[in-house]
Amino acid sequence: MNETKPMPELWRELPPDLQKEVRDFAEFLLQKHRASTQPLQLKWAGALRQEKDVTAADLQREVLENWGD
């Protein structure tokens with residue numbers, strides 16, 4: 001039979017360097033979860049309103065050119 005140990009027990013068995021790795025991964029998962037459950041905020045909406053000579057195509061081109069940077 002394959003019983004799963006409780007997390008605190010597993011944690012205590014890990015050496016300090018692996019405890020740090022587990023902590024970092026858990027924080028990453030929490031951040032990812034929080035980001036996926038928050039509604040989209042459009043704080044940037046209207047930020048370019050004063051820029052009359054910038055088009056959506058210009059912005060898309062800029063994004064595509066810098067995508068891999």
Side-chain angles (χ1 to χ4, degrees):
M1 179 182 270
N2 186 6
E3 288 190 32
T4 304
K5 293 182 181 181
M7 279 300 295
E9 187 177 332
L10 288 172
W11 179 263
R12 283 189 295 274
E13 291 181 21
L14 290 171
D17 60 325
L18 292 180
Q19 286 180 357
K20 181 184 180 326
E21 195 170 330
V22 170
R23 179 182 303 278
D24 290 345
F25 184 63
E27 288 174 354
F28 163 76
L29 290 176
L30 280 172
Q31 183 179 25
K32 182 178 166 184
H33 172 72
R34 288 178 185 140
S36 70
T37 58
Q38 291 180 354
L40 181 61
Q41 296 181 4
L42 302 177
K43 295 178 182 180
W44 51 267
L48 295 175
R49 187 169 293 141
Q50 72 279 3
E51 301 293 332
K52 303 295 182 199
D53 58 339
V54 177
T55 67
D58 294 332
L59 294 174
Q60 184 178 9
R61 189 177 307 105
E62 184 74 21
V63 168
L64 291 174
E65 287 174 357
N66 294 299
W67 189 265
D69 291 348

Partners passing salt bridge (Lys or Arg N to Asp or Glu O under 4.0 Å) against [X] (at least two apart in sequence or in another chain):
X   : value
D24 : K20
R23 : none
K5  : E13
E9  : none

Check your understanding: Ignoring hydrogens and geometry, is there a side-chain-to-backbone donor-acceptor pair from N66 to E62 under 3.5 Å?
Key -> yes
Practice item. Might you point out which heavy atoms bring D58 and D53 nearest each other, and give the distance in Å? Key: OD2-O, 3.6 Å
Practice item. Could you list who else is in F25's hydrophobic cluster, with ILVMFWY side chains joined at under 4.5 Å, directly or through other members? Key: F28, L29
Review point. Are L18 and L10 in one and the same hydrophobic cluster, where Ile, Leu, Val, Met, Phe, Trp and Tyr link if side-chain heavy atoms are under 4.5 Å apart?
Key: no
Review point. Does CD in E21 sit with more than 12 non-hydrogen atoms of other residues, nucleotides or ligands closer than 6.0 Å?
Key: no
Revision key, fill the gap. Rounding to 0.5 Å, atoms CG (L30) and NZ (K32) come to a distance of 12.0 Å
Check your understanding: Taking only residues two or more places apart in sequence, or in another chain, which ones meet Q60 in a side-chain hydrogen bond (donor to acceptor under 3.5 Å, both in side chains)?
Key -> none
